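Working notes, beginning with the structure itself.
Just so you know, these numbers come straight off a predicted model, no measurement behind them.
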Amino acid sequence: MVKSGGKTIRKEKRLFVRRIATIVDSDTGRAVGSQVEWNTGERRRIWHGEKAVRYTLQPCAKVPDWPRQRR
């Protein structure tokens, strides 16, 4: 990422995303979302409904490798 006058510009485009963890509600034990990672290294939490106040992240047992990009 490059900063330009307070605005952040990405050098890479977000082309691929993979799920790296499951978000589990600490009170109920239910899965309430996922944490994903983009090919740029950016990570985000994706919620399935309302956000949980108390939660834990359970890493996925198997995270796929990034696909090869053609040049």
Side-chain angles (χ1 to χ4, degrees):
M1 289 189 202
V2 178
K3 286 196 173 188
S4 171
K7 193 173 188 180
T8 303
I9 301 170
R10 296 184 201 284
K11 280 188 169 184
E12 296 181 57
K13 289 184 180 180
R14 292 192 294 180
L15 300 174
F16 306 105
V17 67
R18 62 184 178 180
R19 186 170 68 119
I20 59 172
T22 302
I23 304 171
V24 178
D25 187 332
S26 297
D27 296 330
T28 64
R30 294 178 56 205
V32 293
S34 300
Q35 184 177 31
V36 297
E37 180 181 34
W38 289 91
N39 62 303
T40 60
E42 176 185 356
R43 292 182 176 190
R44 295 236 170 146
R45 292 184 186 104
I46 309 296
W47 299 94
H48 308 302
E50 290 189 36
K51 290 183 180 180
V53 177
R54 295 175 357 124
Y55 62 88
T56 58
L57 293 175
Q58 290 184 346
C60 292
K62 187 173 182 181
V63 176
D65 292 332
W66 294 113
R68 296 179 131 201
Q69 293 183 20
R70 296 181 189 169
R71 294 183 182 217

*Return the minimal non-hydrogen interatomic distance between Asn39 and Trp66, and the atom names on each side.*
N-CH2, 3.5 Å
*Point-to-point distance, once rounded to the nearest 0.5 Å, from CD of Glu37 to CD of Glu42*: 10.0 Å
_I'd like to check the ring-ring contact (aromatic ring centres under 6.0 Å, His included) partners of Trp47; sequence neighbours left out, ordered by chain and number._
Tyr55
*Non-hydrogen atoms of Ala31 and Thr22 that approach each other most closely*: CB-CG2, 3.8 Å
*Provide the closest heavy-atom pair for Gly33 versus His48 in the form atom of the first, atom of the second, distance.*
CA-CD2, 3.1 Å
*For the residue pair Cys60 and Ala21, what are the closest heavy atoms and their distance?*
SG-N, 3.6 Å
_Test your reading of the model: is there a side-chain donor-acceptor pair from Arg18 to the backbone of Pro64, 3.5 Å cut-off?_
yes
*Nearest heavy-atom pair of Arg54 and Asp25: which atoms, and what distance?*
O-OD1, 3.4 Å
*Check the pair Ile23, Leu57 against side chain to side chain contact (heavy atoms under 4.5 Å, CB included), reporting the backbone distance first and the verdict last.*
CA-CA 5 Å; Ile23 304 171; Leu57 293 175; 3.5 Å; yes
_Using every non-hydrogen atom in the two residues, find where Val36 and Arg19 come nearest and quote the distance to one decimal._
CG1-CA, 4.2 Å
_ILVMFWY network linking Val17 to Ile46, side-chain heavy atoms under 4.5 angstrom_ = yes
